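Structure record follows, encoded as structure tokens.
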Amino acid sequence: MANVIVVGTQWGDEGKGKIVDLLTEYADIIVRFQGGNNAGHTIVVGDEKFIFHLIPSGILHPQKKCLIGNGVVVDPTVLLAELDSLHAKGHPIKPGHLLLSETAHLIMPYHRAIDQGREGLTGGKKIGTTGRGIGPCYEDKIARRGIKVGDILHGPTFRAKLSEVLTEKNFYMEKYLGIKSMDVEGIYNEYMTYAERLAPYAANVSIILDEAVKAKKHILFEGAQGAHLDIDHGTYPFVTSSNTIAGGACCGAGIGPTRIDAVIGICKAYTTRVGSGPFPTELEDATGDRIQQRGAEFGATTGRKRRCGWLDAVLVSDSVRLSGLSGLAITKLDVLTGIPALKIATHYLSEGQPIRYRPSRIDLMENVNPVYEELKGWPEELTGIRRLEDLPKATKGYLGRIEELTGTKIMIVSLGPGRDETIMLHNPFKGQS
């Protein structure tokens, strides 16, 4: 039995979807534990590409059980659209194959309207939200005014809660945001239609996980976004609205920390960021453009162009500490092929002083200067390589330096988007491969 958490070590978009899909082969249950449809995990199987925003990446393995935990905020329109899309592509998802926590909070139409309305008021100081209602939904959850999956399964309960909440929301939308109010009956009727379709999938995820642990099943916990978008530990306020570090898996799925055996951090071979916020190693030159184009760096959820830069070992080292990483999975290493000299930020200078951690204060983080170490690049294409020893010497040197700077061993190396374009050095479910 092994229970493994997969999380991002940067600002998201590290390639977690592929690694989760890869490790799903060895797991019995896959659990998504935080975030919402502001995340996008891309899976390539043969000639087909799948992008999942809510459904766990392991859903393409029909014999596996996929769970959406209580820590996820769910837009039912998006979840049902994903189910319909999978069905259209020949992958019908039956209840039992996918289960949805009864206590997961639902994104409502007013959440999306408020999210978009607020960004419209900020002028040039946007947070960079996706506008999908994630933050406002989490706000209602914390304020104890949220609506859960279980609520819409009982019409009278849902109507009562919706009526109470919408009175406040309409006042806020009309008087402060200057946008149109919403009708209780319209939302009620719409969501009762969703309830009919979602009811067969609703379950107590915590109990299912407890039974699985007792039965010695392998469980894989799939995180969204990255450590430095964590609501508590990220580059606040340029963060998401949930806990993206490994500890979030326990709260967001209903499992105790003593049940976790390993935590794998996904680290892109360089650094990217979507939206606003500080980015010390950002490259606003031809090299950055080259990485962006070769890496096809566009947000899977938003389609926005990702900002690109050198690998930042300070960020990754902080993630090792915050999530207690057992190992790293390096992705998109092939994108760096052909760059003569590569750089890794080993530490920062903040107000003239060297530091080896990310400052908590956003004003300091916005003004740090990265200190780089230069490494030799490699001209050889990595496509087709399946053993570490077959990698070019310079490539192995780059990987070795990542291990040294982060103090963490590399378990997996990804050399392309396909399942087979991977070197598995250590399997967290089986020990050494």
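Computed from a predicted model, the values in this text were never measured in an experiment. Just so you know, these numbers use all the heavy atoms, side chains as well, and skip hydrogens, waters and symmetry mates.
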About how many Å separate [atom2] of [Y] and [atom1] of [X], when rounded to the nearest 0.5 Å?
{"X": "Leu86", "Y": "Glu82", "atom1": "CG", "atom2": "CD", "result": "7.0 Å"}
{"X": "Ile147", "Y": "Lys161", "atom1": "CD1", "atom2": "NZ", "result": "6.5 Å"}
{"X": "Thr395", "Y": "Ile330", "atom1": "OG1", "atom2": "CD1", "result": "13.0 Å"}
{"X": "His426", "Y": "Ser326", "atom1": "NE2", "atom2": "OG", "result": "12.0 Å"}
{"X": "His105", "Y": "Ile142", "atom1": "NE2", "atom2": "CD1", "result": "8.0 Å"}
{"X": "Lys89", "Y": "Lys49", "atom1": "NZ", "atom2": "NZ", "result": "9.5 Å"}

Taking [X] for its side chain and [Y] for its backbone only, find out whether a donor-acceptor pair lies under 3.5 Å.
{"X": "Gln116", "Y": "Gly131", "answer": "yes"}
{"X": "Tyr138", "Y": "Gly35", "answer": "yes"}
{"X": "Asp28", "Y": "His218", "answer": "yes"}
{"X": "Thr422", "Y": "Arg419", "answer": "yes"}
{"X": "Gln10", "Y": "Lys268", "answer": "yes"}
{"X": "Ser323", "Y": "Leu325", "answer": "no"}
{"X": "Thr281", "Y": "Trp310", "answer": "yes"}
{"X": "Asn170", "Y": "Met182", "answer": "yes"}
{"X": "Thr331", "Y": "Glu14", "answer": "yes"}
{"X": "Asn243", "Y": "Ile245", "answer": "no"}

Nearest heavy-atom pair of [X] and [Y]: which atoms, and what distance?
{"X": "Ser319", "Y": "Ala227", "result": "OG-CB, 3.3 Å"}
{"X": "Pro200", "Y": "Pro95", "result": "O-CB, 3.3 Å"}
{"X": "Gly254", "Y": "Ser206", "result": "O-OG, 2.8 Å"}
{"X": "Gly133", "Y": "Asp115", "result": "N-OD2, 2.9 Å"}
{"X": "Phe221", "Y": "Ala253", "result": "CE2-CB, 3.9 Å"}
{"X": "Val205", "Y": "Gly69", "result": "CG1-CA, 4.4 Å"}

Side-chain heavy-atom pair [X], [Y] within 4.5 angstrom cut-off:
{"X": "Tyr188", "Y": "Leu166", "result": "no"}
{"X": "Ile5", "Y": "Phe33", "result": "yes"}
{"X": "Leu333", "Y": "Leu399", "result": "yes"}
{"X": "Tyr191", "Y": "Leu162", "result": "no"}
{"X": "Asp210", "Y": "Arg259", "result": "yes"}
{"X": "Ile55", "Y": "Leu79", "result": "yes"}
{"X": "Gln34", "Y": "Ile231", "result": "no"}
{"X": "Tyr194", "Y": "Leu106", "result": "no"}

(Q) Applying salt bridge (charged side-chain N to carboxylate O under 4.0 Å, His left out) to Asp318 and Arg321, what does each step give before you reach the verdict? (A) CA-CA 5 Å; Asp318 273 4; Arg321 169 174 52 82; 3.1 Å; yes
Between the side chains of [X] and [Y], is a donor N or O closer than 3.5 angstrom to an acceptor N or O?
{"X": "Ser414", "Y": "Lys18", "result": "yes"}
{"X": "Tyr348", "Y": "Asp312", "result": "yes"}
{"X": "Ser242", "Y": "Thr240", "result": "no"}

Q. Taking Glu297 as the fixed residue, which of Arg307, Lys305, Lys332, Arg273 is the one that meets the salt bridge (charged side-chain N to carboxylate O under 4.0 Å, His left out) rule?
A. Lys332
Between [X] and [Y] (salt bridge meaning N to carboxylate O under 4.0 Å), is one present in this structure?
{"X": "Arg306", "Y": "Asp13", "value": "yes"}
{"X": "Arg118", "Y": "Glu139", "value": "yes"}
{"X": "Arg145", "Y": "Glu168", "value": "yes"}
{"X": "Glu211", "Y": "Lys214", "value": "no"}

Q: Could you give me the CA-CA distance, side-chain angles and deciding distance for Ile362 and Thr235, then say whether side chain to side chain contact (heavy atoms under 4.5 Å, CB included) is met?
A: CA-CA 6 Å; Ile362 196 68; Thr235 48; 4.1 Å; yes
Q) Knowing that exactly one of Thr9, Ile264, Ile266, Asp21 qualifies, which makes a side-chain contact (heavy atoms from CB on, under 4.5 Å) with Lys16? A) Ile266
Q | Given Ile344, Val314, Leu349, the one that forms side-chain contact (heavy atoms from CB on, under 4.5 Å) with Val371 | A | Leu349
Q) Given the rule in the side chain to side chain contact (heavy atoms under 4.5 Å, CB included) test, do Asn38 and Gln225 qualify, once you have shown the distances and angles that lead to the verdict? A) CA-CA 8 Å; Asn38 54 342; Gln225 289 93 27; 3.1 Å; yes
**Q.** Lys430 to Tyr26 six-membered ring, cation-pi geometry met (6.0 Å, 45°)
**A.** no
**Q.** Residue pair Ser350, Val368: steps toward the side chain to side chain contact (heavy atoms under 4.5 Å, CB included) verdict
**A.** CA-CA 5 Å; Ser350 178; Val368 297; 4.1 Å; yes
Q) Arg132 and Ile107: side chain to side chain contact (heavy atoms under 4.5 Å, CB included), yes or no, with the steps? A) CA-CA 8 Å; Arg132 285 161 166 76; Ile107 293 174; 5.7 Å; no
Would you say that more than 12 heavy atoms from the other residues, nucleotides or ligands in this model lie under 6.0 Å from the [atom1] of [X], or not?
{"X": "Lys396", "atom1": "NZ", "result": "yes"}
{"X": "Glu389", "atom1": "CD", "result": "yes"}
{"X": "Gln63", "atom1": "CD", "result": "yes"}

